[in-house]
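Each ligand, and each atom within it, is numbered from 1 in the order the structure gives.
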Amino acid sequence: MSVRVRFAPSPTGPLHIGGVRTALYNYLFARKHGGKMLLRIEDTDQNRYVPGAEEYILEALKWVGIEIDEGQGVGGPHAPYRQSERKEMYRQYAEQLINSGKAYYAFDTAEEIEAMRKRLEEAGADAAQYNAITRLQMTNSLTLSAEEVASRIANGDPYVVRIKIDPKQDIRFKDIIREWVVVHASTLDDKVLLKSDGMPTYHLANIVDDYLMGITHVIRGEEWLPSAPLHVLLYQYFGWTAPQFAHLPLLLKPEGNGKLSKRDADLGGFPIFPLQWTDPSTGTVARGFREDGYLKDAVVNFLAFLGWNPGTEQEMFTMEELIGAFSLERIHKAGARFDITKAKWFNQQYIKQLSDDELAKSLQLGENSKPLDLLKIVHLMKDRVTFPQEILSEASFLVEMPTEYEEAVVASKWNADAIKAIAAYVEDLKVYEGDFLAESAKAIWAAAAERVGVKMGKVMQALRLAATGAGHGPDLMLAMEILGKDEVIARLEKALAILPQK
Ligand code: GLU
């Protein structure tokens, strides 16, 4: 049997980064087993539909490199893949269950259900549910005569279809990650399968589609674990073989306790959406990994490790390597800490792997900035940044002549020897006529210091201070090459004039 998995998001807003992890695990599993990856849009809850959310899902998957074999945006033998367009298909399945006594029509109004809840709560019931006991006091095809039911339906009275749960049984299934899950059916309620507007609920549509689309493995977030017993029961009621289930661990706060929330992201100053998202009704903008400067390979690598590990020391994985190493058995059930510092670490590693050329292409010098050699700046800064855009912000000292000098360094390193050596350096630079490269900048500096009897190493930081204003930074000789000889001379002369004479 060949593997068929699906990612089945609901377009209720921007796809959460946890959703991207779910999609990624499905994708890795499908590719590993030479199977198919489907994308189904679960939009049966029209009240929660958000315009633009579906496009966002497609774009996010594309950005991280998850390829869909079949489904929304791609097509395939089971089209349409958007559940709202499959609406008419679900009714027959609801009727099939009614005919076999596993579901029933319910005509209760919202007020009647509310009254039932109140009654039960007042009587001290733990959970006020529509279930095996309460359904006998309600208006449904189990309590009404067949004629009454037929006439109500013919009359156009609104109704829903509910599953009829037999409470006297254990529902058990083996989750690939969690092993045996056993739930007593008396804890479940008679969930609505078909709503009064004719739309199926998530539960019915999800099961019917997984069945029709030949899904072999359902890999999804832990938040769906409570629904799984109902789904297993539905498969039994239909007489279908259930797919295998794998419920992925929750994503936890960076500190490790509690579920990761949007608030954690806001407080921690990091995104929890793959792409930037502008809320269509409020205009509020939520940051995205992509716009924040995360490389897609870093995001994939980071997400892959949120709940899974290869069992080896290797941390850096390309998508191909992940496909090779991935297995559902190596997913742990304990929640996965959303350690954003790890995401940043991956980003640094992937930035280092990019060629200077590739990185330079993603950057742009400001319109008014001096013409500087972007490639050289990239080379200078690449190993020092977490995000590509920092290459230019951290290199702003190349664009602006220093106006301030780091005080502690002035106090500790700006001394008579430094002044002497730097003055000699300026003299020598003025008469130098060759190419001003990092090597020549260094050789002239060494010779000038020696000429005035100063050990170069002792005054190096003072030179950096004079040239950049700071005591620390990237390779100074390369920085001076980028600045150019004239600019270096101008900067050193300025420092000699401004900083204390000793
Ligand atoms: N539509 C559900 C969601 O939004 C899918 C859950 C499932 O995979 O069964 O996540």
If you count only heavy atoms, which residues are under 4.0 Å from ligand 1? Arg6, Ala8, Pro9, Ser10, Glu42, Tyr202, Asn206, Arg220, Trp224

Assess, by modelled atom type and distance only, whether the side chains of Thr282 and Thr284 contain a donor and an acceptor separated by less than 3.5 Å. yes

Do Phe302 and Tyr294 come within less than 4.5 Å of each other through their side chains, counting heavy atoms only? no

Counting C-beta onward and ignoring hydrogens, is there a side-chain heavy-atom pair between Arg117 and Ile113 closer than 4.5 Å? yes

Among Phe173, Phe238, Phe245, Tyr202, exactly one meets ring-ring contact (aromatic ring centres under 6.0 Å, His included) together with His231. Which residue is that? Tyr202

Specify the closest pair of heavy atoms between Tyr237 and Asp166, including all atoms of both residues, with the distance to one decimal. OH-N, 3.4 Å

Check: Tyr130 and Asp108 side chains under 4.5 Å, non-hydrogen atoms: yes

